[in-house]
Colleague: 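First the structure, which I've put down as structure tokens, then a few questions once you've had a look.
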There are 2 protein chains.
Amino acid sequence: MRSPRGKVSIRDVAEAAGVSVATVSNVVRGRKNVSQAVRERIQETIETLGYFPDRAAIQLREGSNRVVGVLVPSLDNPFFTAIIACLETCARNDGYDIIVASAGEDAASASSRLRALLSWRPAGMVVLPNDDHFADAALLSASAVPYVVLDRLPQSCTADTVAVDNEQAASDAADYLAGLGHRKMLVVATTLSLANIRQRHAGIVAFCARAGLPEPKVLEVGHHAEEALPTLAAALAENDAPTAIIALTNSITLGALRCLHQSGHVVPDDVSLVGYDDYAWMRATLPPITAIRQPVEELGEQAWRRLTHRIAGDSTAPVQVRLPCMLAVRGSTAPPRTGKLS
Amino acid sequence: MRSPRGKVSIRDVAEAAGVSVATVSNVVRGRKNVSQAVRERIQETIETLGYFPDRAAIQLREGSNRVVGVLVPSLDNPFFTAIIACLETCARNDGYDIIVASAGEDAASASSRLRALLSWRPAGMVVLPNDDHFADAALLSASAVPYVVLDRLPQSCTADTVAVDNEQAASDAADYLAGLGHRKMLVVATTLSLANIRQRHAGIVAFCARAGLPEPKVLEVGHHAEEALPTLAAALAENDAPTAIIALTNSITLGALRCLHQSGHVVPDDVSLVGYDDYAWMRATLPPITAIRQPVEELGEQAWRRLTHRIAGDSTAPVQVRLPCMLAVRGSTAPPRTGKLS
DNA sequence: TTTCTTTTGTTAAACGTTTAACTAAGGCGC
DNA sequence: GCGCCTTAGTTAAACGTTTAACAAAAGAAA
């Protein structure tokens with residue numbers, strides 16, 4: 001009933017049904033006319049034998065398969081997993097499978113993961129680079145696989161890109177805070193070595209300059225929010241302390257909130273807080289957090305649309321898409337306390 | 001330089017280097033002796049041509065490849081993505097790739113996703129079933145691919161399983177609350193149709209029975225926490241209202257917290273809250289949330305270990321692993337207010 | 001009847017890789 | 001000079017699938 005290797009191939013089906021493999025293939029793919037009788041017999045055999053086609057063989061034969069590779073920096077960040085969830089939905093709708101790999105910390109590992117992904121000969125790739133250099137772009141272009149770059153854009157882009165307008169989003173947040181009466185803001189980031197983050201920072205700085213506000217101080221606290229506590233506490237204890245904090249990533253939003261609680265600052269009475277990214281938990285805190293909401297779904301969808309166009313053969317010039325963010329105003333922002341001025 | 005199809009194959013390398021394909025394969029895989037000179041020449045050719053092997057071809061030839069499929073109910077739940085992240089790390093360490101699919105809501109979709117995964121002829125599978133029935137177990141066993149079932153166990157298990165001791169964990173939480181002086185607890189769950197959740201509930205009920213406490217009320221609020229607000233508020237406004245809430249999933253923890261805030265209940269003064277799962281945000285709320293922490297990493301690692309054993313040919317009887325959870329005590333739990341008694 | 005068309009099915013090559021079986025050549029002991 | 005081992009490399013088959021090219025049979029038009 002089943003071949004010795006435990007796998008049942010199209011050959012087994014053909015034999016059992018007393019036809020040629022080509023006929024089986026034809027009924028499976030629905031390519032050519034097959035008589036009612038034979039078709040039914042084959043369907044039945046397939047059912048009882050539990051046959052399903054081998055992707056590897058199809059892929060080998062076809063040259064490429066309905067698979068796209070997705071490379072993200074890490075699977076620990078909810079932003080990335082949200083993107084993946086969204087891409088997976090799109091892919092499934094279009095009959096594609098996705099293969100996910102996380103790049104890991106160092107460039108060597110990233111490049112090896114990319115190679116692994118490419119060795120599947122995917123029909124396309126979606127890449128969220130680890131850093132601004134994106135040294136692997138060359139590898140990718142050389143492979144002739146269509147790809148789109150998401151979220152973190154390298155300096156020079158010869159490919160389709162989809163990203164968010166970080167500068168505008170951050171500027172909007174600063175604008176809103178200024179409208180509440182804040183004059184001194186504090187920017188907290190993991191690192192300014194990512195273009196993404198730099199743009200967010202630049203947006204705030206530019207707004208403050210335009211509005212005649214003092215240039216906001218920026219804190220680079222790294223990825224371990226715990227260690228940021230003393231730095232942050234010190235910044236808030238200064239003589240002319242900031243009255244509002246803008247956190248530039250979701251992890252920093254979380255870290256900042258913890259620090260504020262631990263150091264006894266009350267949000268928003270003592271200090272206002274604007275977070276980056278918008279997750280469910282931000283609506284469950286007391287107060288709920290005012291946040292810069294990235295359009296995750298639309299990022300994924302647009303990237304997918306570009307990619308499928310390319311896969312379909314579109315060879316027009318690369319497109320750079322920038323999507324706007326939205327500020328979700330909630331309870332963590334309020335006018336600064338005026339009492340302190342006197 | 002490159003074949004017309006844009007892909008460079010082992011054949012191209014062989015031709016360019018003036019050797020047979022077998023020799024190229026031998027230097028790539030390091031299988032047989034190849035003279036220094038030839039080896040270097042081939043390496044160089046590989047480099048300049050940008051060759052890397054085609055997984056599909058290897059897989060076809062070898063029968064199976066170093067890939068394992070992972071099937072989760074959804075990619076929106078941080079518990080599942082955390083598991084995936086962990087499995088991915090394990091896989092990478094052992095030189096495996098993983099292919100992830102999310103099963104989606106209905107059974108039909110789940111089963112089609114499973115088929116898609118199996119069509120890759122993975123060396124193994126890790127499955128987190130959608131429900132207790134796990135109708136696809138048959139499909140999986142028929143395919144002869146080793147697999148381990150994670151987290152949500154079907155009633156009858158003929159496979160290796162790795163899960164958490166839900167009953168004990170929930171009982172511990174109830175025990176802790178009772179120790180603080182709580183006598184009336186409220187259990188909130190999305191649904192009791194999952195064995196997992198039923199076990200958690202049973203653990204609490206059993207503890208209360210043992211301790212001579214009244215049987216706790218249970219609220220099934222579905223997946224949309226918003227709609228739960230009136231129900232929850234009503235339960236807390238009752239005459240003999242519960243003084244502690246145990247939320248049975250991470251989403252419910254979040255939802256319950258929001259409801260409490262919106263209805264003006266102060267945690268832990270008015271009511272204590274124990275959450276399920278332990279995520280970073282639970283430490284950023286004020287107060288931080290006492291939570292039943294599932295050993296996510298260990299779940300993933302154990303599952304991976306079992307799977308690799310099976311892949312290596314271990315054919316001993318299936319093993320059922322149960323891991324203990326840990327109660328992380330934080331600020332959201334406190335002794336009940338005694339004033340209300342009078 | 002002949003010829004042409006349509007319908008239904010088969011044969012065989014190809015995709016890129018690995019590997020068992022083979023060949024050729026060099027070295028060594030006698 | 002002969003036999004034998006070792007080393008370095010080649011040949012060809014196989015994995016499971018698709019599909020162009022072909023064949024056979026059955027109608028249809030003449």
Side-chain angles (χ1 to χ4, degrees), chain A residues 2-43 45-46 49-67 118-123 143, chain B residues 2-42 45-46 49-67 118-123 143-144:
Chain A
R2 189 167 292 130
S3 85
R5 241 161 118 192
K7 322 245 159 126
V8 22
S9 79
I10 201 174
R11 193 167 239 109
D12 301 319
V13 177
E15 233 163 77
V19 293
S20 75
V21 289
T23 306
V24 178
S25 176
N26 282 332
V27 10
V28 172
R29 307 277 287 203
R31 282 280 200 254
K32 282 181 72 174
N33 275 348
V34 177
S35 71
Q36 179 85 3
V38 175
R39 185 174 29 231
E40 276 174 4
R41 183 148 45 93
I42 292 180
Q43 289 285 18
T45 320
I46 287 179
L49 253 52
Y51 163 79
F52 44 90
D54 181 324
R55 299 288 291 245
I58 297 177
Q59 170 131 354
L60 180 55
R61 164 70 210 215
E62 308 263 270
S64 144
N65 204 331
R66 294 179 84 83
V67 201
L118 284 175
S119 72
W120 289 102
R121 308 281 140 117
S143 74
Chain B
R2 189 167 290 131
S3 86
R5 239 161 118 193
K7 322 244 160 125
V8 21
S9 80
I10 201 174
R11 193 167 239 108
D12 301 319
V13 176
E15 233 163 76
V19 294
S20 75
V21 289
T23 307
V24 177
S25 176
N26 282 332
V27 12
V28 171
R29 307 276 287 202
R31 284 279 201 252
K32 282 181 73 174
N33 275 348
V34 177
S35 71
Q36 180 84 5
V38 176
R39 182 170 36 227
E40 277 173 3
R41 184 149 44 92
I42 292 180
T45 320
I46 287 179
L49 254 52
Y51 163 80
F52 44 90
D54 182 324
R55 300 287 292 245
I58 297 176
Q59 170 130 354
L60 180 55
R61 164 70 209 215
E62 308 263 88
S64 145
N65 204 332
R66 294 179 84 83
V67 202
L118 285 174
S119 72
W120 290 102
R121 308 283 138 116
S143 75

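Letters A, B, ... mirror the listed sequences (proteins, then strands); counts begin at 1.
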Colleague: Identify which nucleotide among D/dT19, D/dG9, C/dT17 has an atom closest to any side-chain atom of B/V38, counting heavy atoms from C-beta outward.
Modeller: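 When the side chain of B/V38 is considered, D/dG9 is the closest of D/dT19, D/dG9, C/dT17.
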Colleague: Can you check the B/E15 CD to D/dT10 P distance for me, whole Å?
Modeller: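 Checked: the CD to P distance equals 13 Å.
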Colleague: What's the CH2-C1' distance between B/W120 and D/dT17, to the nearest Å?
Modeller: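 After rounding, the reported distance stands at 14 Å.
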Colleague: What nucleotide among D/dT19, C/dG16, D/dT10 has an atom nearest to a side-chain atom of A/L60?
Modeller: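 Minimum distance to the A/L60 side chain belongs to C/dG16.
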Colleague: Under 3.5 Å, side chain of A/Q59 to main-chain N/O of A/W120, donor-acceptor pair present?
Modeller: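 Yes, A/Q59 side chain to A/W120 backbone: donor-acceptor pair under 3.5 Å.
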Colleague: Closest-nucleotide mapping onto DNA chain D: is B/A57 or B/G18 further toward the 5' terminus? I mean the 5' end.
Modeller: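 Its nearest nucleotide being more 5', the pick is B/G18.
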Colleague: Could you work out which one of C/dT10, D/dT10, D/dG16 sits closest to the side chain of A/S20?
Modeller: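 In terms of side-chain proximity for A/S20, the closest of C/dT10, D/dT10, D/dG16 is C/dT10.
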Colleague: For the side chain of B/A22, counting heavy atoms from C-beta on, which of C/dG16, D/dT17, D/dT11 is nearest?
Modeller: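 Shortest atom-to-atom distance from the side chain points to D/dT11.
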Colleague: Has A/T45 got a side-chain atom pairing as donor or acceptor with A/R41's backbone, closer than 3.5 angstrom?
Modeller: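 At least one qualifying donor-acceptor pair exists.
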Colleague: Separation of B/R55 atom CZ from D/dC15 atom C1', in whole Å?
Modeller: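 After rounding, the gap between these two atoms is 17 Å.
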Colleague: Which of the following nucleotides, D/dT19, C/dG9, C/dT17, is nearest to the side chain of B/I58?
Modeller: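 So the side chain of B/I58 is nearest to C/dT17.
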Colleague: Counting only side-chain N and O atoms of A/T23, is one of them less than 4.0 Å from OP1 or OP2 of C/dT10?
Modeller: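 Result: yes.
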Colleague: Quick one: which of D/dC22, C/dG16, D/dT10 gets closest to the side chain of B/I10?
Modeller: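 Among the listed nucleotides, the one closest to the side chain of B/I10 is C/dG16.
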Colleague: Around atom CZ of A/R39, are there more than 12 heavy atoms from other residues, nucleotides or ligands closer than 6.0 Å?
Modeller: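 Yes - once you tally the heavy atoms of other residues, nucleotides and ligands closer than 6.0 Å, there are more than 12.
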Colleague: Could you state the atom-to-atom distance from NZ of A/K32 to C1' of D/dA24 in whole Å?
Modeller: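 From A/K32 NZ to D/dA24 C1': 13 Å.
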Colleague: Starting at CG of B/D54 and ending at P of C/dC15, how long is that distance when rounded to a whole Å?
Modeller: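 Value for this atom pair: 12 Å.
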Colleague: Please state whether the phosphate of C/dG9, meaning OP1 or OP2, lies under 4.0 angstrom from any side-chain nitrogen or oxygen of A/S35.
Modeller: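 Yes, because at least one side-chain N or O of A/S35 sits under 4.0 Å from OP1 or OP2 of C/dG9.
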Colleague: Round to the nearest Å and state the distance from A/I42 atom CD1 to C/dT10 atom C1'.
Modeller: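 Between C1' of C/dT10 and CD1 of A/I42: 12 Å.
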Colleague: Closest-nucleotide mapping onto DNA chain D: is B/N26 or A/V21 further toward the 5' terminus? I mean the 5' end.
Modeller: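 Comparing both residues, the 5'-ward one is B/N26.
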Colleague: Treating A/D54 as the side-chain partner and A/A56 as the backbone partner, does any N or O pair qualify as donor plus acceptor under 3.5 Å?
Modeller: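 Checked: pair present.
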Colleague: So, does B/N33 get its side chain near the phosphate of D/dA8, meaning an N or O under 4.0 Å from OP1 or OP2?
Modeller: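 So the side chain of B/N33 is within the cut-off, an N or O lying under 4.0 Å from OP1 or OP2 of D/dA8.
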Colleague: Could you tell me the separation between the CZ atom of A/R29 and the P atom of D/dA20, rounded to a whole number of Å?
Modeller: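 After rounding, the reported distance stands at 12 Å.
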Colleague: Quick one: closest heavy-atom pair of A/Y51 and A/V8, and the distance?
Modeller: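 Looking at all heavy atoms of both residues, the closest pair is CD1-O, 3.3 Å.
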Colleague: Whole-Å distance between C/dG9 C1' and A/R41 CZ?
Modeller: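 Roughly 11 Å, once rounded to whole Å.
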